[in-house]
2 protein chains.
Amino acid sequence: MEALPTNEGDPGSTSSSTSGAEAAAEPHTVTIYDVARAAGVGIATVSRALRGSAPVADATRAKILRVVDELGFRPSHLGTSLAEKRHAAAGIVFPDLSGPYYAEVVMGHEEAASRLGRSVLIQGTNGRTDPIAAARDLAGRVDGLVVLGRTVPDALVEEILAQGVPVVLLARPSVGNADSLRVDNLTAARALGEHLGTHHFAQVRFLGSPDSSHDVAERWAGIFQGLARSATRLDLTPCNLDEESGTRVARAVLAGPDRPDALVCANDEIALGAIVAAEEAGLTVGVDIAITGWDDIMAARHARPGLTTVRQPMRLLGAHAAEVLDERISRTRTTPRHEILPAELVVRSSCGSHPQGDRR
Amino acid sequence: MEALPTNEGDPGSTSSSTSGAEAAAEPHTVTIYDVARAAGVGIATVSRALRGSAPVADATRAKILRVVDELGFRPSHLGTSLAEKRHAAAGIVFPDLSGPYYAEVVMGHEEAASRLGRSVLIQGTNGRTDPIAAARDLAGRVDGLVVLGRTVPDALVEEILAQGVPVVLLARPSVGNADSLRVDNLTAARALGEHLGTHHFAQVRFLGSPDSSHDVAERWAGIFQGLARSATRLDLTPCNLDEESGTRVARAVLAGPDRPDALVCANDEIALGAIVAAEEAGLTVGVDIAITGWDDIMAARHARPGLTTVRQPMRLLGAHAAEVLDERISRTRTTPRHEILPAELVVRSSCGSHPQGDRR
DNA sequence: CTGAAAGCGCTAACAT
DNA sequence: ATGTTAGCGCTTTCAG
């Protein structure tokens with residue numbers, strides 16, 4: 001297996017031990033006082049020259065800039081922030097096992113927030129002993145917070161809002177006067193349900209736990225509605241949102257009584273896991289059994305058969321959250337905004353239908 | 001005194017265990033002074049009671065805690081940090097098109113850093129107009145920085161180190177006395193090369209740009225070495241590290257003269273893109289042509305045929321960086337540490353070999 | 001146009 | 001054990 005030689009006995013000793021002398025003691029960080037003194041002006045003038053908050057004589061400014069450059073002065077963010085009473089940063093909290101979905105949303109957010117001149121702090125709530133404390137702490141270090149899913153309890157959201165920190169809720173019902181962004185799961189789920197109904201499946205099994213997340217609840221409801229008119233039977237088997245759970249649960253479902261001819265999974269990871277289980281059981285996915293996912297993560301389109309799924313605009317969701325948050329932080333808007341982004345049904349061959357956008 | 005419930009109706013009320021007086025429009029954020037006054041003590045005592053930095057009489061502490069609760073006091077991170085001269089945060093910079101690889105590393109880092117009591121700031125350098133400025137800015141907001149790839153120029157790394165901010169370099173040659181963490185690309189690449197050589201491929205084509213990244217350079221070198229003893233011919237075609245480029249470049253390569261019977265791609269995304277191109281060309285991957293990737297991202301194992309690749313411990317890389325950085329920040333260690341983590345060759349069927357760890 | 005000085009909120013001596 | 005008082009580094013009146 002992995003007979004890969006780690007590395008030689010040689011512990012990276014290599015390294016340039018540098019000249020040891022210079023790298024060591026940096027006694028005094030350069031402050032605005034140092035610059036002022038060296039330039040023969042007051043600190044206020046330095047501040048003004050650097051941020052252009054007030055007119056400064058050209059000569060003075062030139063001198064200051066030169067000194068700044070010579071001394072390598074970098075204004076302390078801490079000092080600035082304390083004085084300005086703002087962090088120039090936004091935070092984003094995301095839950096549990098962070099799969100591709102959360103990662104995409106976070107990255108999308110970072111890109112947009114960065115463009116808006118705000119740094120972004122991320123905080124997962126995985127193994128955190130106290131996720132509540134972690135979220136509360138984060139709230140104290142940012143000018144605005146994006147909360148993904150049900151990570152943070154409503155009470156805490158209220159508390160954070162009361163502290164004056166704007167909150168944007170993603171994929172979760174609104175709380176207080178927080179903004180919210182969601183994807184139209186219901187419509188897409190209904191479309192998926194109808195699609196399956198049209199193709200005359202006899203027994204559809206939903207893999208997922210509606211009470212574990214609002215998103216999943218909507219998907220389940222939509223599927224239910226979409227199948228309402230057909231003669232299809234619809235059942236539910238609870239399942240966590242990870243691949244391993246998908247495989248395990250699907251394995252049980254396929255081995256049990258009333259074997260369904262379609263597995264509608266709450267997300268792509270479950271579906272990909274289910275595909276493994278189906279193949280194990282000797283079934284040909286897309287022929288003997290239909291399997292669908294949700295999200296359209298990268299692996300969904302590379303799986304064979306291609307996974308029929310519902311595409312969520314993950315990066316956009318994160319990016320849009322940054323914009324919505326920005327309006328609140330900059331007080332451009334003070335009333336809550338609630339938006340619902342559309343999701344798109346992507347039919348590939350895992351559900352046996354005529355593939356569309358699939359390459360096989 | 002400051003009870004002026006002038007604001008419009010129905011603020012979330014519920015909230016804290018407060019006496020309800022200050023719930024509405026709080027013009028004045030609760031500071032340590034407010035607590036001290038309300039508790040009839042000095043601010044130092046409040047500080048001591050809250051952080052346990054010195055003994056405080058039980059009665060006093062109790063009173064303070066009660067007041068803190070009533071007023072909903074939360075120490076300002078800004079004030080604390082400025083006084084302590086530390087941010088209690090680490091930063092991580094990652095480059096260009098952030099695919100699954102970077103996301104995994106970042107998430108792994110977040111989890112470990114959080115566990116070490118440090119928040120994490122992320123900074124991509126995608127569309128940033130000025131990535132250098134972005135990185136420099138980040139450096140000013142953290143106690144330590146992780147730099148992924150060649151995002152940040154050496155000179156800037158030196159500058160940041162000189163500011164007294166420890167830096168851990170990931171997948172990149174060390175600079176100054178920064179720590180570095182890398183994956184043993186060379187050994188794994190050699191193993192892959194040998195594997196291919198053993199299977200008697202006639203023409204191997206490497207898809208990737210060795211001069212674009214140190215990692216890619218090592219992979220190319222390793223493949224070269226691994227194939228040295230066989231009669232296999234090895235060529236190189238430059239390619240960016242994304243899927244679309246993979247498809248495009250592979251398309252050209254497969255249509256051109258000297259069609260290779262094996263494509264060794266610099267990462268999984270290129271490989272997945274190449275698979276698309278191969279199938280378009282009517283080739284059966286794993287039979288007519290071998291295709292291999294690098295990283296072992298999620299899609300690699302769900303692709304059909306399963307993608308032969310080299311698994312990088314992505315999350316571990318990020319997590320370990322947090323630990324290495326922590327030693328520097330806490331000054332537990334002052335000499336640079338350079339580590340090389342092992343990578344693992346994962347043979348699946350995309351290279352035509354007997355699958356291992358593949359489900360088909 | 002520029003300087004002195006008063007904060008921003010908190011920690012940590014230094015005195016009691 | 002606890003209060004007083006300096007900072008931490010910067011922004012911003014308030015006076016020239």
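Letters go in sequence order (proteins before strands), and every chain restarts at 1. For clarity, every value in this text was computed on a predicted model and none was experimentally measured.
- Using a 4.0 Å cut-off between charged nitrogen and carboxylate oxygen, B:Asp69 and B:Arg66 do not count as a salt-bridge pair.
- Using a cutoff of 4.0 Å between basic side-chain nitrogens and carboxylate oxygens, B:Asp143 and B:Arg328 are not scored as salt-bridged.
- B:Thr60 comes within 4.0 angstrom of the backbone, heavy atoms only, and of no base.
- To the nearest angstrom, P of C:dC10 lies 12 Å from CD of B:Glu84.
- Residue A:Arg51 places at least one side-chain N or O under 4.0 Å from the OP1 or OP2 atom of D:dT12.
- Among the nucleotides C:dG3, D:dT11, D:dT4, the one closest to the side chain of A:Thr45 is C:dG3.
- Considering only heavy atoms from C-beta on, B:Leu156 comes within 4.5 Å of B:Glu159 through its side chain.
- Residue-level contact check: B:Gly140 touches neither bases nor backbone, having no heavy atom under 4.0 Å from any strand.
- A donor-acceptor contact under 3.5 angstrom links the side-chain atoms of B:Tyr33 to the base of C:dC10.
- Comparing B:Lys85 and B:Ala54 by the nucleotide of DNA chain D whose heavy atom lies nearest to each, the residue mapping closer to the 5' end is B:Ala54.
- Nucleic acid contact class of A:Val41 (heavy atoms, under 4.0 Å, all strands): sugar-phosphate only.
- Across all strands shown, A:Ala57 has heavy atoms under 4.0 Å from sugar-phosphate atoms exclusively, and none from any base.
- Each of C:dT11, D:dT12, D:dG9 was ranked by its minimum atom distance to the side chain of A:Leu82; first place goes to D:dG9.
- Contact annotation for B:Arg48: base contact, defined as any heavy-atom pair under 4.0 Å involving a base atom.
- Within 4.0 Å of A:Gly79, counting heavy atoms only, lies at least one base atom of the nucleic acid.
- At a cut-off of 3.5 angstrom, the base of D:dG9 holds no donor-acceptor pair with the side chain of A:Arg74.
- Residue-level contact check: A:Thr31 touches the backbone only, with heavy atoms under 4.0 Å from sugar-phosphate atoms and none from bases.
- Comparing the end axes of the helix from C:dC1-D:dG16 to C:dT16-D:dA1, each fitted to five base pairs by superposing C1' atoms of four pairs onto the next four, gives an inter-axis angle of 40° (nearest 10 degrees).
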